[in-house]
Amino acid sequence: MEVSKCYPVNFHNGQIIFFERFPNLSKPQAKGLALWSFGIITAHSCNLNAVANSLSTILPKSFNTIREKLRNSYREASAKPGNHRAELEVTQCWAPFVSWILEKWSGTQLAIALDASSLGDVFVILQISILYRGCSIPIAWKILKANEKHPWKDEWLVLLEKLKNLIPDSWTVIVLADRGLYAKWLYETIVSLKWHPFLRVNSSGCFRPEGWNSQIKFRHILVKKGEHWQSNGISQKNKLSCTLLVCWGEEYKEPWFILTDLAHANVCWYGLRAWIERGFKFSKRGGLQWQYARMQSPERAERLWMAIAIATFWLAGVGGQEECETEELKLVITPASGSVRSTIQKGKKRWRIQSILKLAWTLIIRGLFNHKLILVRSIRPEKWPTWPDNIVDATVIEGYHT
């Protein structure tokens with residue numbers, strides 16, 4: 001019983017932070033977000049009943065009272081009891097949320113990924129995330145019904161527009177996306193935001209290198225496994241002036257073809273994109289158990305996702321600073337696997353044994369038992385990966401010599 005007395009005090013301190021960080025929200029709305037994000041971590045789940053049960057054991061409120069407060073956080077205004085009720089406008093939370101993240105961020109380099117993920121046959125989520133130490137922090141999203149097919153272009157444009165001017169122009173921001181999302185409009189929209197696209201494309205395209213009079217097909221660029229190639233020029237399909245990056249990892253069946261506006265870029269940066277997939281895994285069976293949320297309304301799911309994003313940020317910040325304090329890491333992209341590895345300064349290579357998100361869970365729960373609220377002090381990203389020195393550029397193209 002003595003341990004449980006520390007939780008209300010810690011939660012009250014957390015509520016104050018939410019009031020300060022989200023001044024656009026009413027106190028009930030800020031309190032609802034605080035309840036959800038705090039409960040998601042203590043329950044190790046984002047299921048309504050699991051979170052309510054966890055909070056009712058540590059806060060001086062009954063299960064039904066807390067459950068009703070949690071439900072009101074994602075309900076529409078018309079579904080809430082009483083007068084003068086307002087629903088949570090998720091898009092209005094993104095600007096203060098991004099500001100909160102960047103305030104803690106160390107450095108001026110940022111890797112962002114765009115991707116889509118499905119929750120069975122219920123939802124499809126289009127998400128923009130900041131990539132950080134093997135995981136991803138959602139900063140903008142749109143949730144759609146999985147059984148209703150329609151183009152995603154408008155949704156992506158709205159999401160990107162909402163992030164306009166939120167990141168200082170002096171920062172270097174790369175935006176990564178897989179070949180399924182590539183489009184000329186996406187490339188140009190990213191450039192208009194003063195960010196740098198890093199988009200993978202199919203091998204069926206054509207490219208005219210700078211100084212050439214004729215075009216070549218992507219698949220005619222002869223890179224051997226473990227090699228990479230780069231050239232400025234024109235992507236012929238869309239008449240897009242860009243830089244083409246090509247590399248072939250040892251374990252892959254085909255090379256990567258990346259289009260960017262950076263004249264000098266490192267193709268292995270694209271390996272960071274895998275971190276958004278780990279983020280989706282963490283939101284489901286790998287951590288937050290979103291598949292048990294049992295929601296049918298995309299609008300309500302979007303409001304719940306705001307709490308999931310805050311909880312992810314909390315965990316990533318706490319776990320990342322712990323990892324940074326205990327080990328000095330250096331990222332190296334290996335052509336053998338095309339994946340990002342962590343190496344300790346002593347020179348012994350190893351995989352990241354556990355996610356920083358799961359590491360943070362232990363730290364936060366332990367802190368609560370010791371009457372401490374573990375908060376994010378700083379976010380220190382790893383250096384972007386570089387190719388090993390022994391990689392040789394492939395400069396021969398079938399039928400041509402550069």
Side-chain angles (χ1 to χ4, degrees), residues 18 21-26 29-30 32-33 36-37 73-74 76-77 86-105 108 110-117 123-132 136-145 150-178 181-199 261 273 275-276 279-280 283 297-313 316 379:
F18 276 73
R21 293 294 180 178
F22 297 96
N24 57 308
L25 300 183
S26 66
Q29 289 174 331
L33 276 181
W36 264 111
S37 57
S73 296
Y74 58 67
E76 303 78 16
E87 63 190 44
L88 179 66
E89 293 291 342
V90 176
T91 58
Q92 295 180 7
C93 297
W94 293 343
F97 183 49
V98 172
S99 177
W100 188 3
I101 295 173
L102 298 187
E103 180 184 310
K104 303 291 184 181
W105 197 269
T108 57
L110 206 62
I112 292 176
L114 282 64
D115 206 353
S117 179
F123 294 134
V124 171
I125 179 168
L126 311 182
Q127 183 169 292
I128 302 176
S129 299
I130 291 176
L131 305 175
Y132 176 68
S136 60
I137 304 171
I139 56 173
W141 53 88
K142 179 66 178 180
I143 297 180
L144 307 169
K145 289 187 176 180
H150 64 274
W152 294 345
K153 178 180 177 179
D154 291 342
E155 280 79 6
W156 283 120
L157 288 174
V158 170
L159 293 178
L160 290 167
E161 180 64 25
K162 290 292 183 181
L163 299 178
K164 187 176 182 179
N165 300 324
L166 296 186
I167 302 173
D169 293 343
S170 59
W171 286 38
T172 301
V173 181
I174 59 172
V175 182
L176 308 125
D178 203 4
L181 295 181
Y182 174 74
K184 183 180 180 182
W185 60 262
L186 179 60
Y187 184 102
E188 294 176 338
T189 301
I190 294 170
V191 172
S192 71
L193 295 173
K194 299 181 180 179
W195 300 347
H196 304 291
F198 224 77
L199 309 180
D261 68 330
R273 195 204 67 83
W275 291 356
I276 194 173
F280 283 130
S283 68
S297 166
E299 293 77 18
R300 291 188 174 190
E302 286 177 3
R303 300 183 190 107
L304 173 60
W305 205 260
M306 188 69 240
I308 292 175
I310 294 171
T312 303
F313 166 57
I379 299 182

Atom NZ of K194: over 12 foreign heavy atoms under 6.0 Å = no
request  = Decide if atom NZ of K104 counts as having more than 12 heavy atoms of other residues, nucleotides or ligands within a radius under 6.0 Å.
outcome  = yes
Would you say [X] and [Y] make side-chain contact, with heavy atoms under 4.5 Å?
X	Y	answer
L131	L176	yes
W195	W171	no
S297	E76	yes
I143	V124	no
I310	F97	yes
F18	S37	yes
I167	L110	yes
E155	L144	yes

In Å and rounded to the nearest 0.5 Å, what is the [atom1] to [atom2] distance from [X] to [Y]?
X	Y	atom1	atom2	answer
L160	K164	CG	NZ	11.5 Å
M306	F22	CE	CZ	4.5 Å
L126	W152	CG	CH2	5.5 Å
T108	L102	OG1	CG	11.5 Å
I139	I130	CD1	CD1	4.5 Å
W156	W185	CH2	CH2	8.0 Å

request  = List for me each residue that meets side chain to side chain contact (heavy atoms under 4.5 Å, CB included) alongside D115, sequence neighbours excluded, and say none if there are none.
outcome  = R273, I276, E277, F280
query = Parallel, tilted or perpendicular: which fits the ring planes of Y74 and W36, with parallel below 30° and perpendicular above 60°?
reply = tilted
task = Look at R21 together with E103 and state whether they make a salt bridge at an N to O cut-off of under 4.0 Å.
result = yes
query = Can E89 and R303 be counted as an ion pair, charged N to O under 4.0 angstrom?
reply = no
message = Test of understanding: with side chain to side chain donor-acceptor pair (under 3.5 Å), list the residues that count as partners of T172, not counting sequence neighbours.
response = none
Using every non-hydrogen atom in the two residues, find where [X] and [Y] come nearest and quote the distance to one decimal.
X	Y	value
P138	A309	O-CB, 3.7 Å
P197	I190	N-CG2, 3.6 Å
S136	T312	O-CG2, 3.4 Å
K145	P298	CG-CG, 3.6 Å
C93	N24	N-ND2, 4.2 Å
A307	L33	N-CD2, 4.0 Å

Are the side chain of [X] and the backbone of [Y] linked by a donor-acceptor contact shorter than 3.5 Å?
X	Y	value
Y187	D261	yes
S192	T189	yes
E87	A77	yes

key: Test of ring centre spacing under 6.0 Å for Y132 and W105   = yes
message = The test is side-chain contact (heavy atoms from CB on, under 4.5 Å); show your working for S73 and L304 and say whether it passes.
response = CA-CA 8 Å; S73 296; L304 173 60; over 6 Å; no
task = Output, in order, the C-alpha distance, side-chain angles, deciding distance and verdict of side-chain contact (heavy atoms from CB on, under 4.5 Å) for V158 and T91.
result = CA-CA 10 Å; V158 170; T91 58; over 6 Å; no
task = Would you please test I112 and I174 for side-chain contact (heavy atoms from CB on, under 4.5 Å) and show each step?
result = CA-CA 6 Å; I112 292 176; I174 59 172; over 6 Å; no
message = Working note: W141 + W94, criterion ring-ring contact (aromatic ring centres under 6.0 Å, His included); need CA distance, chi angles, decisive distance, verdict.
response = CA-CA 10 Å; W141 53 88; W94 293 343; 5.4 Å; yes
task = Test side-chain contact (heavy atoms from CB on, under 4.5 Å) on L186 and L114 and set out the steps.
result = CA-CA 10 Å; L186 179 60; L114 282 64; 3.8 Å; yes
